[in-house]
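Each remark here refers to the structure printed beneath this line.
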Amino acid sequence: MDILEDLRARGLVNQTTDDEGLQKHLDENVVTLYCGFDPTADSLHIGHLLPILMLKRFQLAGHRPIALIGGGTGMIGDPSGRSTERQLNDFDTVQNFASKIKEQLAGILNFDEGENSAVARDNYEWLSKMTIIDFLRDVGKHFGINYMLAKDSVESRLEAGISFTEFSYMILQSVDFMNLYEKENCTLQIGGSDQWGNITAGMELIRRTKSGEQEAKAFGLTVPLITKADGSKFGKTAGGAVWLDPEKTSPYEFYQFWINTDDRDVIKFLKFFTFLEMDEISALERELEEAPEKRVPHTRLAEEMTNLVHGEESLQQAQKITAALFSGDIKSLNGAEIEQGFKDVPSITLGKVEIGLVELLVEAKISQSKRQAREDIQNGAVYINGERNQDLRHVINSDDRIDDKFTIIRRGKKKYFLIRFE
């Protein structure tokens, strides 16, 4: 199965500018392609994963991917898919974001030596050298106002308002495609469906400026917008975005995001995000139909994605935390795993002093009063590090501290509280 056939089988092709021409181009050449990532934050999130993995799929098929960091365009702001203007960041902030994003991309794409090794480029390199006169004379003259107004990214913002800064973004991205076409022989740009107008604008600029060249070829391909069956936004949780940076979203949280995928979405996500063969995904689909309670496809999705983004060691750690929380075997976890698994539960910080269990329950607001605390303990509703404790005279001491730092109190079946000791 060739790359385009595989992408179509997975439902990953939303639009292409020339189906037959692109197929022929890929069949006959090692194609250089690119996708852009503007550094608008200090980490990419899982909304960026689909285009990153598209680059990886083309790389595995023998083609050469360019990860373009928008050090220049990131200072302008892409209006695509937005109803309001982006906040503009200063140069140092954008460059700091850009360096972190490059590191994350290197963890997924293969930047090692080889004919089709991935490369990272930063469009600040060429956009910063372009004067306003160059921009207007050499580039701007090729873009009609009516042509730009007809693009969805602009048209959707006309009523609410769009600045000249964001209005110009399309032209700057077109310069990127033209520059990579000239310098890197890059003939294919990919992106999300909201990038279609920017991609075709770049192709138009190449067509107009390279019209004298024999068979000047440029192609565009977009992936579909990811929608969830329940109507909620993909990549968002109650705690906010799901980031690729393990300091912002821990590997355990990342693993849990995927394992909690809706049954109606899990097969689609296996096709979109994993590199499993289609036959294996079909087998997982049958398992979902025959034994949905086992959640086998969900587990496989979580394993594949956590290993891909964070590595085998982090995957094993996430699995260990998950198993410990399911079984109640909290004592099997170390301090680092406690911090991951109980990151978002209510917590309190105490000094390393001994404290009675009744007093602790009240001070940590686990029980509303000492009378309630005593009732909870006597009724067997209180657990210390996964073990039930019904001793009203129990004193929390070093024996109850995991790595001498943490004690986990559980009240009832699911209410966890983290006690930190300093």
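Just the heavy atoms: all of them, side chains too, but no hydrogens, waters or symmetry mates, feed the values below.
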Leu392 side, atom CG; Leu357 side, atom CG - distance, nearest 0.5 Å: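 The distance works out to 8.5 Å.
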Using a strict 4.0 Å threshold on nitrogen-to-oxygen distance, state whether [X] and [Y] make a salt bridge.
X: Lys343; Y: Glu253; value: yes
X: Glu337; Y: Lys320; value: yes
X: Glu290; Y: Arg286; value: no
X: Glu339; Y: Lys405; value: no
X: Arg411; Y: Asp376; value: yes
X: Asp176; Y: Arg121; value: no
X: Asp42; Y: Lys248; value: yes

Give a yes or no on whether the backbone of [Y] and the side-chain of [X] come within a donor-acceptor separation of less than 3.5 Å.
X: Asn123; Y: Gly71; result: yes
X: Asn96; Y: Asp92; result: no
X: Thr222; Y: Trp196; result: no
X: Arg57; Y: Gln59; result: no
X: Asn29; Y: Val31; result: no
X: Asn110; Y: Asp112; result: yes
X: His394; Y: Asp391; result: no
X: Arg64; Y: Phe58; result: no
X: Ser43; Y: Asp245; result: yes
X: Ser250; Y: Pro246; result: no

Would Tyr252 and Leu325 count as a side-chain contact (heavy atoms from CB on, under 4.5 Å) if you check the C-alpha gap in whole Å, the side-chain angles of each, and the deciding distance to 0.1 Å?
-> CA-CA 11 Å; Tyr252 166 72; Leu325 293 180; 3.1 Å; yes
No-hydrogen, no-angle side-chain donor-acceptor test under 3.5 Å, [X] and [Y]:
X: Thr32; Y: His63; answer: no
X: Ser232; Y: Asp230; answer: yes
X: Gln195; Y: Gln189; answer: no
X: Gln256; Y: Thr322; answer: yes

If I compare all heavy atoms of [X] with all of [Y], which pair ends up nearest, and what's the gap?
X: Val30; Y: Gly62; answer: CG1-O, 3.4 Å
X: Tyr255; Y: Ala318; answer: CB-CB, 3.7 Å
X: Val13; Y: Pro224; answer: N-CD, 4.3 Å
X: Gln390; Y: Gln378; answer: NE2-O, 3.0 Å
X: Asp2; Y: Glu5; answer: OD1-N, 2.7 Å
X: Ile66; Y: Cys186; answer: CD1-CB, 4.4 Å

### Task
Determine, step by step, whether Glu363 and Ile348 satisfy the side-chain contact (heavy atoms from CB on, under 4.5 Å) criterion, reporting the C-alpha distance in whole Å, the side-chain angles of both residues, the deciding distance to 0.1 Å, and the verdict.
CA-CA 9 Å; Glu363 185 164 348; Ile348 186 174; 3.9 Å; yes
Side chain proximity check, [X] to [Y], heavy atoms < 4.5 angstrom:
X: Leu53; Y: Phe275; result: yes
X: Leu33; Y: Thr187; result: no
X: Ile330; Y: Ile338; result: yes
X: Leu225; Y: Asp194; result: no
X: Asn14; Y: Val223; result: no
X: Lys370; Y: Glu359; result: yes
X: Lys268; Y: Thr227; result: yes
X: Leu270; Y: Glu304; result: no

Is it true that [X] and [Y] have ring centroids separated by less than 6.0 Å?
X: Phe342; Y: Phe417; value: no
X: Phe234; Y: Phe269; value: yes
X: Trp243; Y: Phe254; value: no

side-chain contact (heavy atoms from CB on, under 4.5 Å) evaluation trace for Ile46 with Thr249: CA-CA 11 Å; Ile46 62 171; Thr249 297; over 6 Å; no
Requested in this report: Please test Lys352 against Asp404 for side-chain contact (heavy atoms from CB on, under 4.5 Å), starting from the C-alpha separation and ending with a verdict.
Outcome: CA-CA 9 Å; Lys352 288 183 179 177; Asp404 203 31; 3.0 Å; yes
Mark yes when over 12 heavy atoms from residues, nucleotides or ligands other than [X] sit less than 6.0 Å from its [atom1]; otherwise mark no.
X: Lys24; atom1: NZ; result: no
X: Glu277; atom1: CD; result: no
X: Glu312; atom1: CD; result: yes
X: Glu280; atom1: CD; result: yes
X: Glu125; atom1: CD; result: no
X: Arg8; atom1: CZ; result: yes

message = Between Thr93 and Asp90, is the side-chain hydrogen bond (donor to acceptor under 3.5 Å, both in side chains) condition met? List the steps.
response = CA-CA 5 Å; Thr93 298; Asp90 60 36; 2.7 Å; yes
Checklist line | Test applied, side chain to side chain contact (heavy atoms under 4.5 Å, CB included); reference residue, Ile69; option that passes from Asp38, Val94, Leu105 | finding: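 Only one of Asp38, Val94, Leu105 forms a side chain to side chain contact (heavy atoms under 4.5 Å, CB included) with Ile69, namely Leu105.
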_CA sep, side-chain torsions, deciding dist, call: Gln173, Thr73, side-chain hydrogen bond (donor to acceptor under 3.5 Å, both in side chains)_ = CA-CA 7 Å; Gln173 186 167 321; Thr73 47; over 6 Å; no
Both conditions, 6.0 Å and 45 degrees, for the charged tip of Arg401 above the ring of Phe406: are they met here?
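Relative to the ring axis of Phe406, which defines the angle, Arg401 lies outside at least one limit.
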Point to revise | Derivation and outcome, side-chain hydrogen bond (donor to acceptor under 3.5 Å, both in side chains), residues Asp263 and His298 | key: CA-CA 8 Å; Asp263 287 1; His298 307 71; 2.8 Å; yes
Q.
Could you go through Gln23 and Asp19, starting from their C-alpha distance and side-chain angles, then the distance that decides it, and tell me whether this counts as side-chain hydrogen bond (donor to acceptor under 3.5 Å, both in side chains)?
A. CA-CA 6 Å; Gln23 181 70 66; Asp19 272 349; over 6 Å; no
